[in-house]
Protein chains: 2
Amino acid sequence: MRPTRTDVAKLAGVSTATVSNVLNRPDIVTEETAERVRAAIKQLGYRPDMIARSLSTKRTMQIGIVLEDMLNPYFGAIVKEFESAANEQNYFVNVCTGLNRLDNYLDDFITRGLEGIFITALPYKFHVEKLYNLVEKGIKIITSGNINADSRLVSSIENDYIAAMHDVIEHLYNLGHINIAYLSGLGRELTYDLRCNGYRKSLEEFNLPYRDSLLIDGEYPYSTNIKAGYDCAMRLMGTGEKFTAVICGNDLMALGAMKAFQEKGFKIPEDISVVGFDGIEIGRYWEPALTTMSVDKTKFGRKAFELLHSNILTGKTDQFISKLTLWEGGSTAVARKQS
Amino acid sequence: MRPTRTDVAKLAGVSTATVSNVLNRPDIVTEETAERVRAAIKQLGYRPDMIARSLSTKRTMQIGIVLEDMLNPYFGAIVKEFESAANEQNYFVNVCTGLNRLDNYLDDFITRGLEGIFITALPYKFHVEKLYNLVEKGIKIITSGNINADSRLVSSIENDYIAAMHDVIEHLYNLGHINIAYLSGLGRELTYDLRCNGYRKSLEEFNLPYRDSLLIDGEYPYSTNIKAGYDCAMRLMGTGEKFTAVICGNDLMALGAMKAFQEKGFKIPEDISVVGFDGIEIGRYWEPALTTMSVDKTKFGRKAFELLHSNILTGKTDQFISKLTLWEGGSTAVARKQS
DNA sequence: TTGAAAGCGCTAACAT
DNA sequence: ATGTTAGCGCTTTCAA
């Protein structure tokens with residue numbers, strides 16, 4: 001049996017409250033007794049029981065992170081740093097992947113008394129109202145993915161995809177590209193993919209042509225993995241549209257797309273320039289290295305925790321927008337003469 | 001304030017014990033009262049408090065997974081499936097990444113009353129004794145990574161790297177390769193990298209030459225990511241050794257290695273055949289697609305949970321060895337004539 | 001079938 | 001500075 005605080009108290013010849021004090025408010029206790037208690041703790045190998053403490057304090061020091069795709073190293077990097085930051089503040093993190101079980105998760109969050117949750121996921125599968133429900137129960141929330149939530153109720157952290165898309169298009173424009181496709185992987189009717197909006201907006205800005213068939217949606221239920229990139233690229237080639245540059249919703253998709261183009265005999269970047277978003281490490285090892293709008297994932301993960309943490313401590317929500325930076329690989333180059 | 005069981009009892013006009021019963025042993029309660037209680041629960045939006053329940057039952061329904069590298073999609077796939085299997089049995093999983101904090105984690109596991117832990121990590125940074133310490137406290141453990149632990153105390157799940165390495169070498173042998181290098185990324189003095197052992201053993205078996213400089217270690221603290229593969233490959237080329245085939249400790253390393261070879265003007269597979277382990281999806285999209293010994297990651301993750309779960313329920317440990325299968329991509333081919 | 005009450009290990013007034 | 005004690009919300013004998 002694990003020793004309890006009572007055991008320690010008995011061995012040290014003090015009350016249980018005193019043991020609590022040396023653990024939680026060491027300043028208010030005599031150095032001498034503290035020493036005795038510490039000795040007893042050590043001798044028994046005593047470890048406080050977080051469960052009991054939680055029941056009494058109403059604090060669990062647990063937070064959750066919900067994401068849809070553990071397989072994309074982009075999320076891996078964010079989770080890693082989020083977890084790391086949380087640990088430094090003594091929080092434990094529960095990782096929840098698989099959005100199809102989201103409802104169960106939300107229930108669990110309440111039941112287990114999580115103090116906060118970082119939800120990074122596209123919103124087309126769940127309702128914001130559910131989040132408000134959690135907030136009502138005292139669970140703090142930070143979202144990412146343009147869930148259009150009330151900023152007074154939940155915090156949020158987003159990538160500035162509008163600006164990033166502008167930079168991408170500018171980059172391609174300067175290379176002389178005119179017909180630029182976008183492989184979204186999602187659905188154009190969904191309003192939350194800022195990349196999609198930014199794409200159209202920036203084309204206009206640079207006086208470049210937009211045509212419906214240059215914008216490739218995914219198929220429901222949408223996914224944005226490497227296979228999706230491959231599939232979208234295949235469909236783009238199937239349309240017979242002319243294009244010299246292709247922007248992909250993320251790096252993984254871009255890698256899949258390059259594969260598809262190469263299979264069909266196109267050379268990258270000579271025939272087609274390809275660019276992605278995220279800045280995952282693998283992209284830099286690809287041949288050619290993938291040009292991408294890179295997210296500072298370390299900062300992103302850490303910032304997400306900080307926002308959540310401050311919400312937990314102060315009750316105040318906050319928003320953060322992360323800037324992406326262009327990383328030029330060999331996958332983009334001057335546009336070929338359009339035949 | 002969240003409603004408690006007392007509120008429900010009051011509203012339904014029953015005792016708190018009855019509420020517990022309709023929740024936990026619905027069979028022993030009259031349908032009529034049960035109905036009344038359920039109505040009250042619904043009306044109040046009541047959710048049981050897992051914390052309080054845990055304190056009373058000594059079960060938290062939480063398990064942990066410890067891993068070193070969230071960035072390798074290989075682990076991502078395993079985590080995902082492990083978590084999924086756990087959820088089906090109503091367990092919540094805590095993901096712990098970053099082995100440098102392992103001691104803190106182990107403490108936390110005790111403190112928070114985790115019921116079990118899946119540790120997938122190389123053992124050179126921590127002591128098995130610490131695991132035994134957890135086992136003593138009643139925490140069940142399953143390891144992966146050839147931590148050489150007492151099989152009566154902890155369960156384990158491993159890849160059969162010895163057999164897999166045999167298959168790789170056989171594959172290369174049949175293609176006519178003679179001088180085959182191995183990029184380990186770890187240290188040859190460490191006994192737990194079965195790939196390393198298998199490499200030497202299988203070379204012998206096929207009467208192929210082994211030379212120290214064909215086996216490339218990493219540098220402490222070892223890592224086995226894409227950069228490590230790149231670095232090891234560079235060092236291999238620096239030795240001046242002759243070789244026509246290179247086996248890499250995992251797929252990520254293999255991708256990095258291919259990049260290095262290509263940078264130095266070697267063609268794959270014409271000049272050098274490359275093969276990895278794991279079978280991550282990205283490898284299939286590489287140009288050329290990476291030949292690999294593929295792990296059934298879905299099965300692996302699920303099986304890991306099952307072993308842990310059965311250990312939790314029955315107290316019995318168990319071991320499992322997973323077989324890998326050769327997946328032939330375009331990165332291996334008949335050996336070129338050695339100049 | 002249902003209810004009363006003790007107890008899980010800890011915290012936090014409050015009293016000494 | 002230290003001890004006493006009443007909870008925290010739930011489970012689980014034991015009685016009714």
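Every chain is numbered from 1, with letters handed out A, B, ... down the list of sequences.
Nearest nucleotide to the B:Leu55 side chain, out of D:dA1, D:dG9, C:dT2: D:dG9. Which of C:dG9, C:dA12, C:dG3 sits closest to the side chain of B:Ala17 comes down to C:dG3. Nearest nucleotide to the side chain of B:Lys58, out of C:dC8, C:dT1, D:dT2: C:dC8. Each of C:dC10, D:dT5, D:dC10 was ranked by its minimum atom distance to the side chain of A:Ser56; first place goes to C:dC10. When distances run from any side-chain atom of A:Ser15 to the nucleotides D:dG3, C:dC10, C:dA4, the shortest one goes to D:dG3. Here the side chain of B:Asn21 is nearest to one of D:dC10, D:dT12, C:dG9, namely D:dT12.
Taking 4.5 Å as the limit, every side-chain heavy atom of A:Asp150 sits out of range of all side-chain heavy atoms of A:Val154. Considering only heavy atoms from C-beta on, B:Thr317 stays 4.5 Å or farther from B:Leu153 through its side chain.
Using a 4.0 Å heavy-atom distance criterion, B:Val14 is classed as a sugar-phosphate-only contact. Within 4.0 Å (heavy atoms only), B:Thr57 reaches sugar-phosphate atoms of the nucleic acid but no base atom. At the heavy-atom level, A:Thr30 lies under 4.0 Å from the strands shown only through sugar-phosphate atoms. At a threshold of 4.0 angstrom between heavy atoms, the contacts of B:Thr33 are confined to the sugar-phosphate backbone, with no base atom among them.
Checked for salt-bridge contact, B:Lys80 and A:Glu68 miss the test: no charged N lies under 4.0 Å from a carboxylate O.
In this structure, B:Asp49 atom CG and C:dC8 atom C1' are separated by 13 Å, rounded to whole Å. Between the P atom of D:dA1 and the CD atom of A:Glu32 lies a distance of 13 Å, rounded to the nearest Å. To the nearest angstrom, C1' of C:dA13 lies 15 Å from CG of A:Asn24. Computed from coordinates, the B:Ile51 CD1 to D:dC10 C1' distance equals 12 Å when rounded to whole Å. Counting to the nearest Å, the P atom of D:dT2 and the CZ atom of A:Arg25 are 13 Å from each other. Rounded to an integer number of Å, the gap from CD of B:Glu31 to P of C:dT1 is 12 Å. The distance between atom CG of A:Asp27 and atom P of D:dT2, rounded to the nearest whole Å, is 12 Å. The interatomic distance linking A:Arg59 (CZ) with C:dC10 (C1') rounds to 16 Å, in whole Å.
DNA chain D is contacted by both B:Ala52 and B:Thr18; B:Ala52 maps to the nucleotide lying nearer its 5′ end (nearest heavy atom per residue).
Residues A:Ser156 and A:Gln319 have side chains that bring a donor and an acceptor to within less than 3.5 angstrom of each other.
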Practice prompt. Report the C-alpha distance between A:Lys297 and A:Glu81 in whole Å, list the side-chain angles of each, state the deciding distance to 0.1 Å, and finish with yes or no for salt bridge (Lys or Arg N to Asp or Glu O under 4.0 Å).
Written response: CA-CA 8 Å; A:Lys297 295 163 285 296; A:Glu81 193 63 24; over 6 Å; no
